[in-house]
Amino acid sequence: MDIQTRSANATSDEIQPLGNASSITDIAVVPVVLAGGSGTRLWPLSREQFPKQLIDVLGQESLLQTTVQRLLSVPPFRWKVERPIVVCGEDTRFATQAQLRAAGVETHVIVEPCRRETAPALTLAALAALRGKEDAIVVAMPADHAITELQAFYSAIDTAVRYACDGAIVSLGVPPTRPDSGFGYIKTGSALENGARRIEQFVEKPAVATAERYLASGCYWWNSGIFVLRASVWLNALRMLEPSMLDACVSAYNRGTGDDDASFPDAVAFSSAPASSIDYAVMEHLGRTQSLPPGVVVPLDAGWSDLGTWDAVWGALEKDSEGNVASGRVALAETTESLVRSEGRLVACIGVKNLIVVETADAVMVADRSRVQDVKALVEKIRMQQAPEADRHRMVRRPWGYYDSIDQGDRFQVKRIVVTPGGSLSLQLHHHRAEHWIVVRGTARVTRGDEQFLLSENESTYIPLGVTHRLENPGKLPLELIEVQSGAYLGEDDIVRLDDTYGRS
């Protein structure tokens, strides 16, 4: 695959003027949504196996759905928006694809076989964007951020695309409103057209005192994590700075499998790519070498938030007269400046201030709003205790639906299983447990050994230990049943899959 730069000729000594109408007519702009994050800072709502981009943190839709729809709703400029590319991990691909289908958007999903941070993820997307395109411009952004002022966002993207047309590496920077030590910063240089500036330096998250100096200087903007550049420019920058990463990603992409809807890079090749962020791999080198294209930062004053902490979520949501954000079954008395969220049980607070209270089916977190940066460390401590709540919810999503472990004890476990219409569990067997199935709603097609039969509501069956079985929903409504497992060992790894519709081993 030829990844030479074909139309990005600017050097670090000069920044071309904004492209005129004729120079960017019909340019292909490919939105790239990076959806591989773990989102542990919003625990217990967000977890490793169901991170924050898949959760309705701010409203009825997930952050992933909102991000993709935002990019597809760009008003007509002098460039054409192509089908978005979404990069996600193997653990979340079924949930990601299900949410995209539910949102009614057509995307191409690239499934990373292992996590290698954002730079390799963007590299896979750039390779996909180049295929069949002259040299697409990539607009890359995280899947889990919030933007409230859409017209300002679209205007910033338009300015960034114009600079990217002339070969610049463009970042969107947010003029800071407070000395926040939770963000990376961009040191800005000389002024360009339309409010843009040269990039002088990317800096890591500073201490509070340093962040205060940054704010006072007026020269530092928050790094939004949104980047706009030609696909070839990114790949050629990697060839110079991270050649082993580029080689691994090209090999993984070319040796991978897939179709028009999804790509599956080769796992062995991709695992050899160094793990690195976009900032560390490329952006922090801008201005340090004359060989790289110029760096431009465009101001983004559009109500941006990275929703990186529960305090940021509190700040992004509408509050009552006491400064509270309440969601779910919540009762508050003499409570102020707090976020209280219930996913099921009633949560009552009396006489508290500046708290974050989040309840889920299997965990409750209470934190002072000034300590929300410590949630990630708390999750690591829970993980060291080998508690499953660190990584997964009680309700576990599968490509065929989900199950909820509603009770368990010595030698037994009870699950509520919901199978979507047309869904099918794998043909499987267990070495250490037997199962009883009771249909609560819908119709089940059951394979048990050599026989196959239907079960309707209030009917049940028994799957003996070691017997091959499969559960399917042949109907048009969700199938709901109660499963009672009994045996010496009830772990999820006691599943021997013999055949699977979704390609799981």
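These numbers come from a predicted model, not from an experiment. Residue indices begin at 1 and follow the sequence shown.
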Only distances under 3.5 Å count here; give the side-chain donor-acceptor pairs of residues 100-109 to other protein atoms, sequence neighbours excluded, each with its distance to 0.1 Å.
{"residue": "His108", "atom": "ND1", "partner": "Asp260", "partner atom": "O", "Å": "2.9"}
{"residue": "His108", "atom": "NE2", "partner": "Ser263", "partner atom": "OG", "Å": "2.5"}

Just jot down the side-chain hydrogen bond (donor to acceptor under 3.5 Å, both in side chains) partners of Ser342, sequence neighbours excluded, or say none. Glu359
Residues in side-chain hydrogen bond (donor to acceptor under 3.5 Å, both in side chains) with Arg213, at least two apart? Thr210
Evaluate the criterion side-chain hydrogen bond (donor to acceptor under 3.5 Å, both in side chains) for residue pair Glu117 and Ser276; output intermediate values, then yes/no. CA-CA 5 Å; Glu117 301 297 338; Ser276 184; over 6 Å; no
Classify the side-chain pair [X]/[Y] by whether it contains a donor and acceptor separated by less than 3.5 Å.
X: Asp368; Y: Ser370; answer: yes
X: Arg416; Y: Tyr402; answer: yes
X: Thr309; Y: Asp311; answer: no
X: Trp234; Y: Thr123; answer: yes

So do [Y] and [X] actually touch side chain to side chain, heavy atoms under 4.5 Å?
X: Val364; Y: Arg345; value: yes
X: Leu42; Y: Val313; value: yes
X: Val396; Y: Phe50; value: no
X: Glu112; Y: Val87; value: yes
X: Leu339; Y: Trp310; value: yes
X: Thr40; Y: Val375; value: no
X: Trp400; Y: Ile417; value: yes
X: Met141; Y: Leu34; value: no

Under a 4.0 Å threshold between the charged nitrogen and the carboxylate oxygen, would Glu492 count as salt-bridged to Lys415? yes
Would you call Arg470 and Glu472 a salt bridge, using N to O less than 4.0 angstrom? no
Could you report the tightest heavy-atom contact between [X] and [Y], atom names first, then the distance?
X: Gly442; Y: Val439; answer: O-CG1, 3.5 Å
X: Pro142; Y: Thr67; answer: O-CG2, 3.8 Å
X: Tyr163; Y: Ala196; answer: CE1-CB, 3.8 Å
X: Ala119; Y: Met245; answer: CB-SD, 3.7 Å
X: Ser46; Y: Lys52; answer: OG-N, 2.8 Å
X: Gly295; Y: Leu286; answer: CA-CD1, 3.9 Å

At what distance, to the nearest 0.5 angstrom, does [atom1] of [X] lie from [atom2] of [Y]?
X: Leu481; Y: Glu435; atom1: CG; atom2: CD; result: 9.5 Å
X: Asp404; Y: Ile482; atom1: CG; atom2: CD1; result: 9.0 Å
X: Ile382; Y: Met365; atom1: CD1; atom2: CE; result: 9.5 Å
X: Thr118; Y: Ile278; atom1: OG1; atom2: CD1; result: 4.0 Å
X: Ile85; Y: Leu124; atom1: CD1; atom2: CG; result: 10.0 Å
X: Arg47; Y: Arg394; atom1: CZ; atom2: CZ; result: 10.5 Å

[X] side chain vs [Y] backbone, donor-acceptor pair below 3.5 Å:
X: His469; Y: Gln428; value: yes
X: Asn324; Y: Thr335; value: yes
X: Thr92; Y: Cys88; value: no
X: Glu483; Y: His436; value: no
X: Arg369; Y: Glu337; value: yes
X: Ser171; Y: Val297; value: no
X: Lys376; Y: Trp43; value: no
X: Asn473; Y: Thr420; value: yes
X: Asp279; Y: Met283; value: no
X: Gln99; Y: Thr96; value: no

Exceeds 12 heavy-atom contacts within 6.0 angstrom, atom CZ of Arg83: yes
Could you check Val296 against Arg198 for side chain to side chain contact (heavy atoms under 4.5 Å, CB included), going step by step and ending with a plain yes or no? CA-CA 5 Å; Val296 174; Arg198 289 178 179 267; over 6 Å; no
Under the criterion side-chain hydrogen bond (donor to acceptor under 3.5 Å, both in side chains), I'd like the reasoning laid out for Trp222 against Tyr185: C-alpha separation, chi angles, the key distance, then a yes or no. CA-CA 4 Å; Trp222 290 334; Tyr185 284 73; 3.0 Å; yes
After noting the C-alpha distance and the side-chain angles of His393 and Gln49, does the key distance pass the side-chain hydrogen bond (donor to acceptor under 3.5 Å, both in side chains) rule? CA-CA 8 Å; His393 289 277; Gln49 295 185 13; over 6 Å; no
What orientation do His432 and Tyr489 show, parallel under 30°, tilted 30 to 60°, or perpendicular over 60°? perpendicular
Could you check whether Phe183 and Trp304 have their ring centres less than 6.0 Å apart? yes
Would Phe270 and Arg116 count as a side chain to side chain contact (heavy atoms under 4.5 Å, CB included) here? Give the steps. CA-CA 8 Å; Phe270 190 69; Arg116 282 295 179 267; 3.8 Å; yes
Ala160 meets the side-chain contact (heavy atoms from CB on, under 4.5 Å) criterion, sequence neighbours left out, with Val170, Leu172, Val228, Val298
Those residues at least two apart in sequence (or on a different chain) that pass side-chain contact (heavy atoms from CB on, under 4.5 Å) with Ser73 are Tyr154
For residues 201-209, run the donor-acceptor check on the side chains, cut-off 3.5 Å, and write out each pair with its distance to 0.1 Å, sequence neighbours left out.
none

Let's go through Leu71 and Val81 carefully: what are the C-alpha distance in whole Å and the side-chain angles of both, what is the deciding distance for side chain to side chain contact (heavy atoms under 4.5 Å, CB included) to 0.1 Å, and is it a yes or a no? CA-CA 8 Å; Leu71 292 170; Val81 178; 5.9 Å; no
Should the pair Lys319 and Trp314 be classed as cation-pi, given the thresholds of under 6.0 Å to the six-membered ring centre and 45° from the axis? yes
For Arg433 and Ser486, what are the C-alpha separation, side-chain angles and deciding distance, and is it a side chain to side chain contact (heavy atoms under 4.5 Å, CB included)? CA-CA 5 Å; Arg433 72 174 186 246; Ser486 60; over 6 Å; no
